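Excluded from the calculations below are hydrogen atoms, water molecules and symmetry mates; all remaining heavy atoms, backbone and side chain alike, are included. Computed from a predicted structure; not experimentally measured. Below, chain A is the first sequence line, B the second, and so on; all start at residue 1.
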Amino acid sequence: MSDLSVRLPDGTMRVLEPGSTSRDLAAAIGPRLANDAIAAEVNGRLSDLVAPLSDGSTVSIVTANSDRGREILRHSTAHVLAQAVTRLWPGAHYAIGPAIRDGFYYDFALPDGARFNDDDLVRIEAEMRAIIAEDQPFVRDEFSLEEGLSLFADQPYKVEIIQGVATGASADDLTEVESDAVVSTYTNTPQFRDLCRGPHVPSTGRLGHFTLTRVAGAYWRGDEKREQLQRIYGTAWESAAALEAHLHQVAEAERRDHRRLGHELDLFSFPSELGPGLAVFHPKGGTMRRILEDYSRARHVRGGYSFVNSPHITKAELFETSGHLEWFAESMYPPMELDEGQRYYLKPMNCPFHVLIYKSRQRSYRELPLRLFEFGSVYRYEKSGVVHGLTRVRGMTQDDAHIFCSSEQMAGELASLLTFVLDLLRDFGLNDFYLELSTRPEGKAVGTDEEWSAAEQTLSNVATDAGLDLVLDVGGGAFYGPKISVQARDAIGRTHQMSTIQLDFQTPQRFDATYVGADNTRRRPIMIHRALFGSVERFMAVLLEHYAGNMPTWLSPEQVRVLSVRDSNDGYAAAVADRLRDHEVRVDVDPASEPLGARIRRAKMEKIPYILVVGDDDVAHGTLGVNARGSTDPVRDVALETFVERLCAEIANHGAPEDH
RNA sequence: GCCUGGGUAGCUCAGUCGGUAGAGCAGCGCAUUCGUAAUGCGCAGGUCAAGGGUUCGAAUCCCUUCCCAGGCUCCA
């Protein structure tokens, strides 16, 4: 028996008894680490704690409170879920069960087409806790493909996965098998073995801080043409405290859900009379929207844009020329037949209209870049299951522009556009961005390979120059060109796709758009599609959630509410409001017909930035009691003019009461 | 479009085994005049999402449709 020595992450070497495992190593380092260890990374590869170490390996112990540790924990919990389901539904088929962000899922097909319902989750969870109490080991075994096929002969999804490996199909997206000819399995009991690449926690007793969250349908292999399995989702953590923190975070996200806020703050609604995905904006939501749009318009004027308008419907020909009918007919509203068979469509995009504006007369190189902007309302027949609040709707308004430029101008135009976008988003209080580059979609693109790679390269260069992180989204581009999208992280760390910038060499060709160059020849312009808010509706949703409804003062529909202490102060309250209106402050008075406490409470719940309370003292001295949003102790005796000055400065700076 | 769950007063929700529909808040009226997150009393408010079926009798059981939520697929 030779000595066994391994290298630790800090570079030191440690000598162990021959045949030692990572678990022995952890124990040798310290009892605390031994207790926290759930797996190991050996020579850059994750492995089970109980796997024997070989001499000269570099080993780091993976603990539960690390990203990799939690992933293993979640994956192991998914196995426990599968075992619980097979115990409760003998003959159930289990498909795949990976760890995901914050948790895990497992897909099943129950015998006789049975379905899970919500009550089943409770039973399954109880069974899982029993399995965890049994402290079953996770025992790894390796087999040939043939052996694997016979082991899982009664599990058709496992067979398909193994066969996929055997035929060389990609298994990259599956955690079940390594992409070589070895089939590894993990066995918990003689009755339950799962196909899996591993690693796993040493035994089920290491698990337990989990909860099952929901049941959902999911297509096998994500293919809607294949059967739909029953998916159970859960969340799992390394400790009760971490689980609790996560559930709290989920509740927080729910509290700032824009649909809830939209209702509570009386901003918008989705009358069922209109149909799914069609919103109406109430006066306060309409005000917020107007402020957003006005600000955007002002920025576009400064950015050198020309303002255009186009109708909501058009003859089919326009979208035949653009290619939308060929590629996206199923997500367009069906046509209206008029005038002896003439088909009219609601517009799903603004770009073809802007091309027609471009083509309305001959263009010179001197006019480029020509930037056409419109708040264009578009209608898309989204599938019934996908509409979601203001973020996925069937009718929306894009802050849409199309820039026509020469190929020489393209890179510079894209670079300045990116600056323009980021500046605008920052003006709304979004500060944390990264970029995503979406490349040519497989089998669903027009144009030559050369055009696509040139466009992708240009976008990539511009993104790199911007100095932001760039993530590749392979195959995510539109059919006519690649795109960069700006992703923003909100106040609670979620990311939202905001602006998109798309390059398009195809549409100008399809419409035969040209300009006359300096050399008196006809040339083809390049088109850049871009929407900065994405849609006004969606942008409003993101801002509402980012601010949890506490909008900065400049975006608040009602900025100030004046409350009189007694009705003899009502006149002064009205005068204060008038003074603020002189400065275009949005202000209302709530007179003294109800107790002051009730009026304060109502204004607080409406998240109004400033509540001004005025009583006899204020009438006598020309002062106010200022109760700012987010504060619990109001400030008395503030001079009216002092308040006006501070408020106007805050509005101009896009600030909020919470900033002080 | 598919899977699971849901729809009762303006809102949030209760409604047992199938036996004539309930609360709080909001609204309206009256009283209350108050210094920083709910004043009191009273009144009104319902085709129980819509339609069909079973039943002596349906909010409740069954079917269809519409709408909502969470997923899957999709997202120019």
Paired with [N]: which nucleotide, if any, by Watson-Crick or G-U wobble criteria at under 3.5 Å for both distances?
N	answer
B/G51	B/C63
B/G5	B/C68
B/A76	none
B/A31	B/U39
B/G22	B/C13

[range]: protein proximity per nucleotide (B base, S sugar-phosphate only, - neither; heavy atom, under 4.0 Å):
range	result
nucleotides 7-15 of chain B	----S----
nucleotides 70-76 of chain B	BBBBBBB
nucleotides 23-35 of chain B	---------BBBB

Measuring only the [atom1] atom in each nucleotide, how far is [N] from [M]? A whole number of Å is fine.
N	M	atom1	result
B/G45	B/C63	P	35 Å
B/C66	B/U54	C1'	23 Å
B/C34	B/G46	C1'	37 Å
B/A76	B/A37	C1'	48 Å
B/U60	B/G19	P	11 Å
B/A26	B/C11	C1'	7 Å
B/G18	B/A38	P	44 Å
B/U73	B/C3	P	16 Å

**OP:** Assess A/Arg231 against A/Tyr106: is NZ or CZ under 6.0 Å from the centre of the six-membered ring, and within 45 degrees of the ring's axis?
**Re:** no
**OP:** Map A/Ser631 and A/Phe116 onto RNA chain B by nearest heavy atom, then report which one ends up closer to the 5' terminus.
**Re:** A/Phe116
Original post:
Closer to the 5' end of RNA chain B via nearest nucleotide, is it A/Pro276 or A/Asp118?
Top reply: A/Asp118
Subject >> Minimum-distance pair of heavy atoms, taken over all atoms of A/Ala478 and A/Trp452 >> reply: O-CH2, 3.1 Å
**OP:** Determine the minimum heavy-atom distance between A/Ser568 and A/Asp616, stating which atoms define it.
**Re:** OG-OD1, 4.2 Å
**OP:** Check the angle between the aromatic planes of A/His354 and A/His402 and answer parallel, tilted or perpendicular using the 30° and 60° thresholds.
**Re:** perpendicular
Original post:
So A/Phe116 and A/Phe108, would you call those rings parallel, tilted or perpendicular, with 30° and 60° as cut-offs?
Top reply: perpendicular
Subject >> is_close_aromatic(A/Phe373, A/Phe375), centroid dist under 6.0 Å >> reply: yes
Original post:
Would you say the side chain of A/Phe268 lies within less than 4.5 Å of the side chain of A/Leu544, judging by non-hydrogen atoms?
Top reply: yes
